[in-house]
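Proteins get letters first, then strands, A, B, ... in listed order; numbering begins at 1 in each.
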Amino acid sequence: MDKTYAPHDIESRWYSQWEKQGYFEPKGGDSAYCIMIPPPNVTGSLHMGHAFQDTIMDSLTRYHRMKGHNTLWQAGSDHAGIATQMVVERQLNAEGKTRHDLGREEFVKRIWDWKELSGNTITKQLRRMGTSLDWSRERFTMDEGLSKAVNEVFVKLHEEGLIYRGKRLVNWDPKLHTAVSDLEVISEEEQGHMWHMRYPLADGSSELVVATTRPETLLGDACVAVHPSDERYQHLIGQRVTLPLCDREIPIIADEYVDPEFGTGCVKITPAHDFNDYEVGLRHNMPLINVFTVDARINDDMPEKYQGLDRAKARKQIVQDLDDLGLLVKVEDHKLMIPRGDRSGVIIEPLLTDQWFVKAKPLAEPAIEAVKSGKIKFVPENWDKTYYNWMNDIQDWCISRQIWWGHRIPAWYDEAGNIYVGHSEADVREKNQLPDSLALSQDEDVLDTWFSSALWPFSTLGWPDKTPELDTFYPTSVLVTGFDIIFFWVARMIMMGLKFMDDVPFKEIYIHGLVRDAEGQKMSKSKGNVLDPIDLIDGISLDDLVEKRTKGLMQPKMAAKIEKDTRKHFPEGIPSYGTDALRFTFASLASTGRDIRFDLNRIEGNRNFCNKLWNATRYVLMNTEGEDTGLGNEDCTYSLPDQWIVSRLQQTEASVISSIEKYRFDLAAHSLYEFLWNEYCDWYLELSKPILLDENSSEEQKRGTRQTLIRVLEAVLRLLHPLMPFITEEIWQQIAPLAGKTGNTIMLQAYPTPDESKISADAEADMAWIMEFVMGIRKIRGEMNIPPSKPLTVILDNVSELDQKRLENSGTLISKLARTSSIDSLANGEQAPESATALVGDMKVLIPMAGLINKDEELARLDKEIAKLNNELKRLTGKLSNPKFVDKAPKEVVEKEQEKKQHAESKLQNLSLQREKIASL
RNA sequence: AGGCGCGUAGCUCAGUUGGUUAGAGCGCAUCCUUGACAUGGAUGAGGUCGGUGGUUCGAAUCCACUCGUGCCUACCA
């Protein structure tokens, strides 16, 4: 093995073998375990959020596979309708064309071409992450089977009246020319204005002042509303005003919706361009006057002067004209929420159009019940509140999109405008007995991508056909996802699953945090702070990173700032850390928090951890290869350290398993790190040296230690494998035979399970004594700046029988680890030379100071310790002399405190005596 | 406006049902090329757990209030 860990060589070797051997495929058995990958955009690329999420899912998958479950991690991607269409449209624009130049068929073909071309990017990247997805069952939302499922669901829901078509006010994206759902609209506070405008009464007697943030919609006003009990306007209710700039009169109505305190207390009502106004309009039977075209320009039904102006220009013009007429009272600065399309970024316009909707309430009720009853559990639990919150007030879901890339809506129209829904045109004709002569045309619209994603847990398993996969894997075990798509996806899957499978789609929902940059900022291309997981794995030069972050920006002027920030944060670029370090880092960040700050220091530390494992292995191999590791029936003698590390291993196993079961990958990673580095490497490997190198060790002892070295390492590899698949496989291949393990891959080995009988309290107590002994000496060394190379003479005083016994058993180990030249006990009544002191229980460990240690330094050191003990003693004495504590606290707690007090007292006494002694010299 | 979350060492975070001397990693300081590893080893410094009040023998942990901060949902034109 090489001296340093080089991830790249290792990682390139294993993945293709695993895949080729079919290790990722379910291998039968009774207890099924299944996770559906949240389908990424087929033409997208892997970002940190994916990498994090996929690490968790892969870890779970590998863990359960090793536990012997029939494990499936379903692979696949979605077609990301709007996003993908936009990309291809942009390509066309670059050629000076639009999709309309190509026509629908040609354009869709072009998107398929693009999908073929770029569709492998993300799956290749997923493979780099080591994900054990079953690629043999990879699905795509637009492939035949899934399209069939979409079709089936649409038709069924329509038959039941749960899908309907209607002219309704929807969120319209004037740039993309499509309706979008509520969820695809991002409302943010922006600085705007409030215009106060005069509307003269029709009889000329007076006027009203209305306040609005959208003066251009004045053209579509249907009425002016005031609060029914607003005394200022009582007399005007029922009268009419003349709508400025239009040749119309509109009524003044009373409606509770109006807040008399806000603005002027008079609201212009534009039912065709505002959701609230729409409701008011309905209540009062007001006409819907549409002002805009699909581009959000003023349409041809409006006064000629404004026709063709876009929203912003129209606003300017109208304000100007009002001002000219003396009808503009004032303009105030005003903060308001502006709705923008999450894809296009333009302001969303409420627009009256024909759309298809899913009636959500009837589907939501059982979905709420499924969580309430505990059939589905959120982890962490609190997320159920968010879910209920939204579900209880769910709105109908607009599912039609005016784009070309997606599942075409299976609805046909005849020339009279009748609608026929069915699986195909032929099906529609047959069902409705329509003559061939009747011309039918299919609905031009496609379905929201989330509509097909909602079916993912069963469509990928073959639904609507009855398949063995559905029987085996539905409901799936757990959904792993971010809280940002609870509404988009999670809720909808639950609704659809219950409706069509009559069962929940998953039993648990593990909600993880969102990956942010080291400053806590959300990573985004426009901010230029994205990290590409592949760059962390392979490394990237500074220049390449800058280039990557500044290329293809929406706002090219950001480039300079992004470059500056990037050069500041990554002066050396990014070194290669390898997949395992990245995965381990993600695991260690997976606590319960919502935000996950990704800091390069963490991944560096974990790369070092991989290196540590690598080098520990080298040591183990050096001592076991070609040696007897006790694979035969020869006797082994297990030393104290052997027993100790095996005992600690059992506890680590228990802790790792319980952490994974709770989705606490951070705790699992921590236990593993702690065990491997701080116990196995720092102590056990060091303790094995004296045994293996000592000529006096028996063959049985050496065999026992070699066996323990290799077996513990082998078990740790299996424990680690779900988190770090590559390095563990690489090492396992080399060491497994020495541990007596057979098999072609660590992937399919059994996950370790703790064996209670191997936990030894005695061994742990004995080892604790050794460690205290060694650390006591090291402490003196460290604080007195005695070089580690300098062997020390050690004298013991106040040695108990147990101390004596332990010393006899483990003296050589101690002398090796603490670098002592001799350890002698003081004979009864014998005087020790002036010494520095450490305590192991009541036993004094004395290091003669002569020529090594300065008297004042030792005094200072003792004073510090004594002060610490005094504080503790004071605290304990106070506590124990409080009768309330002694009476009311549980007996065990009191006893524990008394014990602590005794310890502190005797320690204090020992050190004080020692101090006096030295001070008197 | 409602809902959810966060505030613990210089930084990033753990802290299980209230009972430790409040932990880890990184960073920092001192020492160390001992044959697994300088991507390393040894030792150390550093925290009145945002604040106030309460419950309790005992609070980082439970309750109330408060300050700061973040997110989500719904919104007043």
Side-chain angles (χ1 to χ4, degrees), chain A residues 1 3-5 182 187 194 210-214 217 225 257-259 261-270 274-277 280 334 336-337 380 382-383 385-386 388-390 393 483-484 486-487 514 518 520 575 577 581 588-589 591-602 604-623 658 662 664 666-667 670 673-674 678 681-682 685-686 689 693 775 778-789 819 868-869 871-872 875-876 879 882-890 892-894 896-897 900 904:
Chain A
M1 281 175 81
K3 194 174 163 186
T4 48
Y5 159 70
D182 303 344
S187 286
M194 176 91 86
V210 300
T212 182
T213 55
R214 299 206 59 191
T217 63
Y257 159 71
V258 181
D259 176 3
E261 306 293 316
F262 190 88
T264 60
C266 301
V267 189
K268 61 194 269 314
I269 300 297
T270 323
D274 182 283
F275 291 100
N276 289 309
D277 289 8
V280 177
H334 181 68
L336 73 166
M337 298 298 276
N382 258 8
W383 286 107
K385 291 208 181 71
T386 306
Y388 294 137
N389 229 305
W390 191 70
D393 191 34
F483 55 81
D484 50 333
I486 290 179
F487 311 142
L514 255 38
Y577 295 114
S588 61
L589 294 172
S591 67
T592 55
R594 285 184 186 189
D595 296 327
I596 292 153
R597 293 195 190 206
F598 195 90
D599 193 330
L600 243 39
N601 291 328
R602 281 305 277 276
E604 187 184 340
N606 290 326
R607 194 260 328 259
N608 297 350
F609 177 63
C610 292
N611 186 58
K612 193 76 181 171
L613 171 61
W614 186 259
N615 279 292
T617 304
R618 290 180 60 224
Y619 169 79
V620 173
L621 281 174
M622 281 167 72
N623 286 287
S658 91
K662 287 184 297 194
R664 287 300 304 270
D666 60 326
L667 300 179
H670 186 255
Y673 187 102
E674 167 86 14
N678 300 339
C681 290
D682 285 352
L685 293 193
E686 294 307 319
K689 290 173 187 175
L693 296 177
M775 287 190 292
R778 283 178 179 168
K779 196 168 171 175
I780 291 169
R781 255 189 215 281
E783 290 180 27
M784 300 302 166
N785 280 339
I786 303 170
S789 52
R819 279 238 152 194
K868 229 189 248 178
L869 284 168
N871 271 337
E872 196 187 335
R875 195 178 55 82
L876 289 166
K879 206 169 181 178
N882 180 353
K884 285 183 191 160
F885 171 72
V886 181
D887 293 346
K888 292 193 178 176
E892 309 88 66
V893 176
V894 178
K896 212 166 133 196
E897 295 295 302
K900 275 192 220 162

With distance as the sole criterion, do the side chain of A/Lys385 and the base of B/C4 form a donor-acceptor contact below 3.5 Å?
-> no
Which whole-number value in Å describes the distance from A/Met337 CE to B/C75 P?
-> 10 Å
Find which nucleotide of RNA chain B each of A/Met622 and A/Asn882 is nearest to by heavy atoms, and output the residue with the more 5' nucleotide.
-> A/Met622
Pairwise P distance for B/C49 and B/G23, with rounding to whole Å = 14 Å
Picking from B/C31, B/U43, B/C57, the nucleotide nearest the side-chain atoms of A/Lys779 would be B/U43
Quantified in whole Å, what is the P atom distance between nucleotide B/C13 and nucleotide B/G70?
-> 15 Å
Return yes if some donor-acceptor pair links the side-chain N/O of A/Arg781 with the main-chain N/O of A/Pro787 below 3.5 Å, else return no.
-> yes
Classify the nucleic acid contact of A/Thr213 as base, sugar-phosphate or nothing, counting any heavy atom under 4.0 Å across all strands shown.
-> sugar-phosphate
How would you label the contact of A/Asn615 with the nucleic acid (heavy atoms, under 4.0 Å): base, sugar-phosphate, or nothing?
-> base
Determine whether more than 12 heavy atoms belonging to other residues, nucleotides or ligands lie under 6.0 Å from atom NZ of A/Lys868.
-> no
Say you pick atom C1' in B/G51 and the same atom in B/U8; how far apart are they, in whole Å?
-> 15 Å
Could you work out which one of B/U39, B/A36, B/C32 sits closest to the side chain of A/Lys689?
-> B/A36
Could you measure between the two P atoms, the one in B/A60 and the one in B/A77, and give it in whole Å?
-> 46 Å
Looking at the side chain of A/Asp595, which of B/G70, B/A77, B/G40 is the nearest nucleotide?
-> B/G70
Rounded to whole angstroms, how far apart are CG on A/Asn389 and P on B/C75?
-> 13 Å
Can you find a donor-acceptor pair, distance only, under 3.5 Å between A/Glu686 side chain and B/A36 base?
-> yes
Nearest-angstrom distance, P atom, B/A42 to B/U34 = 14 Å
Here the distance between atom P of B/G27 and atom CG of A/Leu600, to the nearest Å, is 12 Å
Answer with yes or no whether A/Arg597 presents, from its side chain, a donor or acceptor under 3.5 Å of a partner atom in the base of B/C13.
-> no
A/Leu876 has an atom CG; how far is it from atom P of B/G58, in whole Å?
-> 16 Å
Separation of A/Asn785 atom CG from B/A45 atom P, in whole Å?
-> 14 Å
Any cation-pi pair here, A/Lys612 with A/Tyr673, using under 6.0 Å and within 45°?
-> no
Think A/Lys3 has a side-chain N or O under 4.0 angstrom from the OP1 or OP2 of B/G40?
-> no
Span that lies between the C1' atom of B/G41 and that of B/G35, in whole angstrom = 14 Å
Looking only at side-chain atoms of A/His670, point me to the closest of B/G44, B/A36, B/A24.
-> B/A24
Mind checking A/Phe609 for me? I need base, sugar-phosphate or nothing, with any heavy atom below 4.0 Å counting as a touch.
-> nothing
Name the closest nucleotide to the A/Arg819 side chain, picking from B/U30, B/U34, B/U43.
-> B/U34
Rounded interatomic separation in angstrom, taking CD from A/Glu604 and P from B/U39 = 9 Å
Can you find a heavy atom in the side chain of A/Thr217 that is under 4.5 Å from one in the side chain of A/Asp274?
-> no
Figure out the CD/P separation between A/Glu892 and B/C57, and round it to whole Å.
-> 17 Å
Do side-chain atoms of A/Asp393 reach the backbone of A/Asn389 as a donor and acceptor pair under 3.5 angstrom?
-> no
For A/Thr264 and for A/Arg594, find the nucleotide of RNA chain B with the closest heavy atom, then tell me which residue's nucleotide is more 5'.
-> A/Arg594
Would you classify A/Cys681 as touching base, sugar-phosphate or nothing, given that sugar-phosphate means primed atoms plus P, OP1 and OP2, and contacts are heavy atoms under 4.0 Å?
-> base
Polar side-chain contact A/Arg778-B/U43 base: donor and acceptor under 3.5 Å = no
Looking only at side chains, do A/Asn615 and A/Asn611 share a donor and an acceptor under 3.5 Å apart?
-> yes
Using a cut-off of strictly less than 4.0 Å, decide whether A/Asn601 has a side-chain nitrogen or oxygen near OP1 or OP2 of B/U12.
-> no
Watson-Crick or G-U stems of RNA chain B, 3 or more pairs, under 3.5 Å, by first number | B:1-7 with B:67-73, B:10-13 with B:23-26, B:28-32 with B:40-44, B:50-54 with B:62-66
A/Asp277 has an atom CG; how far is it from atom P of B/C75, in whole Å?
-> 13 Å
Considering only the C1' atoms, how many Å lie between B/U43 and B/G53, rounded to the nearest integer?
-> 43 Å
Could you work out the separation of B/U56 and B/A64 based on their C1' atoms and round it to a whole Å?
-> 16 Å
Per-nucleotide protein contact string for nucleotides 14-20 of chain B, where B marks a base within reach and S marks sugar-phosphate only (heavy atoms under 4.0 Å, - for neither) = SS---BS
Stepwise side chain to side chain contact (heavy atoms under 4.5 Å, CB included) test for A/Met194 and A/Leu336 = CA-CA 9 Å; A/Met194 176 91 86; A/Leu336 73 166; over 6 Å; no
Between atom NZ of A/Lys268 and atom CZ of A/Arg214, what is the distance when rounded to the nearest 0.5 Å?
-> 8.5 Å
Could you tell me whether A/Asp599 contacts a base, only the sugar-phosphate backbone, or nothing, with contacts defined as non-hydrogen atoms closer than 4.0 Å?
-> nothing
